[in-house]
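Below is one structure, written out as structure tokens, with a few remarks after it.
Each chain gets a letter, A, B and so on, in the order its sequence line appears, and its residues count up from 1. Keep in mind that the numbers below use all heavy atoms, side chains included, and drop hydrogens, waters and symmetry copies.
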2 protein chains.
Amino acid sequence: MPAVATREQIVAAADRLFYHHGYEHTSFADIAGAVGLSRGNFYYHFKSKDAILDAVIDARLADTRRMLEQWETEAATPAGRIMRYVEIVLTNRADIQDYGCPVGTLTTELAKLEHAMLGQAGRLFTLFRTWLREQFAQLGHAEHADELAMHVLAFSQGVAVMANAFHDEAFIQREVDRMREWLHTYER
Amino acid sequence: MPAVATREQIVAAADRLFYHHGYEHTSFADIAGAVGLSRGNFYYHFKSKDAILDAVIDARLADTRRMLEQWETEAATPAGRIMRYVEIVLTNRADIQDYGCPVGTLTTELAKLEHAMLGQAGRLFTLFRTWLREQFAQLGHAEHADELAMHVLAFSQGVAVMANAFHDEAFIQREVDRMREWLHTYER
DNA sequence: GGCGCTCTAGGACGACTGTCCTACAATTTT
DNA sequence: AAAATTGTAGGACAGTCGTCCTAGAGCGCC
């Protein structure tokens, strides 16, 4: 098998395991088992566990950019695009109830570990923040665009943590509805 | 030194370390070093790491109950008491920016570890939830008290995650102000 | 066939983990 | 003073961790 395909398999497995069980709690053996490779052989593809994390974050950044670009084509209005983001917590409610938000939980964990890759993980948040800010600017609120973007991010993180803690789908739906109404007050 | 004092020292040190570095990332050696005891000797006081976590959660539950009772005496109105909760993110902003919310981050971590003590940690959330629900009921919104309580909890968790990720004090202040205005619409 | 490159298996390594045990100091009780 | 209790130190234990090394399989190219 070509190295690139194996590398992608490793990244995909690590991505899933980091999300489900956390970075620290996922061992090389776990990833190796998921891909079907021997443990020691990993150093041909990645020279350290940090390098895998780096690749996982890069992959998530690329996936996120792809998703945001797709939203640009699917939703015609900035408000519609913002709602696309808000509704992630509904779309991914099953995973969120089980594992929380992939971005939020990773950032929280890396902060506690004082991990060198924390800054890299922060770029995931910044990517959403910048995109949301642009949507609010297009909506005609350039002056407070960043504050509104941060508010929407905080909404999603709050819902994710609570949904993970209480496994309450009705709660998620209510909060999304509340957010939709809030967003209407900013539409012109 | 009597055992009870040593035990309390261990719980206090473990509480702080679990909050700062996470449960899994904190080892017996770390706690022992913080208290100034030998590693192996812990089994005289706690028979397992889970037992320490259990004691830490119990201590946090007791501290939280004390805090909530104090709020009952300090704030005359239910709205004032709810604002006391909302303003935690401001009062504890330094710790929150560094380590996030003690309750939220612990629950998130234990969920990923599929740890048996996850249910115990959930009681911390439930304690706040029940208390907030009671305040909203006293405010005259008995019918939606639980939904409103969950909304306030989600607010605090969202702010905590974002403040931890971006270290933005102005953001915390803005969100608290936003929450104060929101709460005014529910006052009679 | 022989060479070189890509990829892999398997194990060794030192460090660290939670757990447990035993011997001993300190203190209290008899 | 002797005995019993309470608390401690230090190390052994089996296991796991991330890391690294070596030998060799599979393959295209000369």
Report task. Please state how far atom OH in B/Y43 lies from atom P in C/dG18, giving the value in whole angstrom units. Result -> 8 Å

Query raised in the report: For A/K49 and D/dC20, what is the distance between atoms NZ and C1' respectively, to the nearest whole Å?
Result: 17 Å

Query raised in the report: In residues 28-41 of chain A, which residues come under 4.0 Å of DNA chain C by heavy atom?
Result: A/L37, A/S38, A/R39, A/G40, A/N41

Report task. Would you please name every residue forming a side-chain contact (heavy atoms from CB on, under 4.5 Å) with A/S38, sequence neighbours left out? Result -> A/N41

Query raised in the report: Given atom CZ of B/R7 and atom C1' of D/dT6, what is their separation to the nearest angstrom?
Result: 15 Å

**Report entry** Intermediate values then yes/no, ring pair (Phe, Tyr, Trp, His ring centres under 6.0 Å), B/H141 and B/Y186
**Finding:** CA-CA 8 Å; B/H141 296 87; B/Y186 283 89; 5.2 Å; yes

Query raised in the report: How about B/F171 and B/F166: are their ring centroids closer than 6.0 Å?
Result: no

Query - Option passing salt bridge (charged side-chain N to carboxylate O under 4.0 Å, His left out) with B/R180 (candidates B/E187, B/E175, B/E87) - result: B/E87

Query raised in the report: A/F42 CZ to C/dG10 P: how many Å, rounded?
Result: 14 Å

**Report entry** Rounded interatomic separation in angstrom, taking NE2 from B/H25 and C1' from C/dG18
**Finding:** 16 Å

Query raised in the report: Does the gap between the ring centers of A/Y23 and A/H115 come in under 6.0 Å?
Result: yes

Query - Contact list for residues 89-113 of chain B, test ring-ring contact (aromatic ring centres under 6.0 Å, His included), sequence neighbours left out - result: B/Y19-B/Y99, B/H20-B/Y99

Query raised in the report: Can you say whether the rings of A/H25 and A/H21 are parallel (under 30°), tilted (30 to 60°) or perpendicular (over 60°)?
Result: perpendicular

Query raised in the report: How far apart are the closest heavy atoms of A/N164 and B/T108, and which atoms are they?
Result: OD1-CA, 4.1 Å

Report summary line: Residues in residues 12-22 of chain A with a heavy atom under 4.0 Å of DNA chain C, by number, are none

Requested in this report: Please name all residues satisfying side-chain contact (heavy atoms from CB on, under 4.5 Å) with B/Q120, sequence neighbours left out, ordered by chain then number.
Outcome: B/D54, B/I57, B/D58, B/M117, B/R123

Query raised in the report: Who pairs with B/Q173 by side chain to side chain donor-acceptor pair (under 3.5 Å), at least two apart in sequence or on another chain?
Result: B/D177

Query raised in the report: Quick one: side-chain contact (heavy atoms from CB on, under 4.5 Å) partners of A/P78, sequence neighbours excluded?
Result: A/R81, A/Q135, A/Q138, A/L139

Requested in this report: Take the protein atom NZ of A/K47 and the nucleotide atom P of D/dC21, then report the distance between them rounded to whole Å.
Outcome: 14 Å

Query raised in the report: Within less than 4.0 Å of OP1 or OP2 of D/dT8, is there a side-chain N or O belonging to B/T6?
Result: yes

Query raised in the report: To the nearest 10 degrees, how far apart in direction are the end axes of the helix from C/dG1-D/dC30 to C/dT30-D/dA1, each fit to five base pairs?
Result: 20°

Requested in this report: May I have the distance from A/L113 (atom CG) to D/dC17 (atom P), rounded to whole angstrom?
Outcome: 16 Å

Using nucleotides 22-25 of chain C, report all nitrogen or oxygen pairs with the protein that are shorter than 3.5 Å.
none

Query raised in the report: Any idea which of C/dT8, C/dT17, D/dG18 is nearest the A/Y44 side chain?
Result: C/dT8

Report task. Could you tell me which residues satisfy ring-ring contact (aromatic ring centres under 6.0 Å, His included) with B/F155, sequence neighbours excluded, listed by chain and number? Result -> none

Query raised in the report: Below 4.0 angstrom from OP1 or OP2 of D/dT6, is there any side-chain N or O of B/H45?
Result: no

Report summary line: Sorted by chain and number, sequence neighbours left out, side-chain contact (heavy atoms from CB on, under 4.5 Å) with B/A51 holds for B/F46, B/S48

Query - Listed partners of A/D168 passing side chain to side chain donor-acceptor pair (under 3.5 Å), at least two apart - result: none

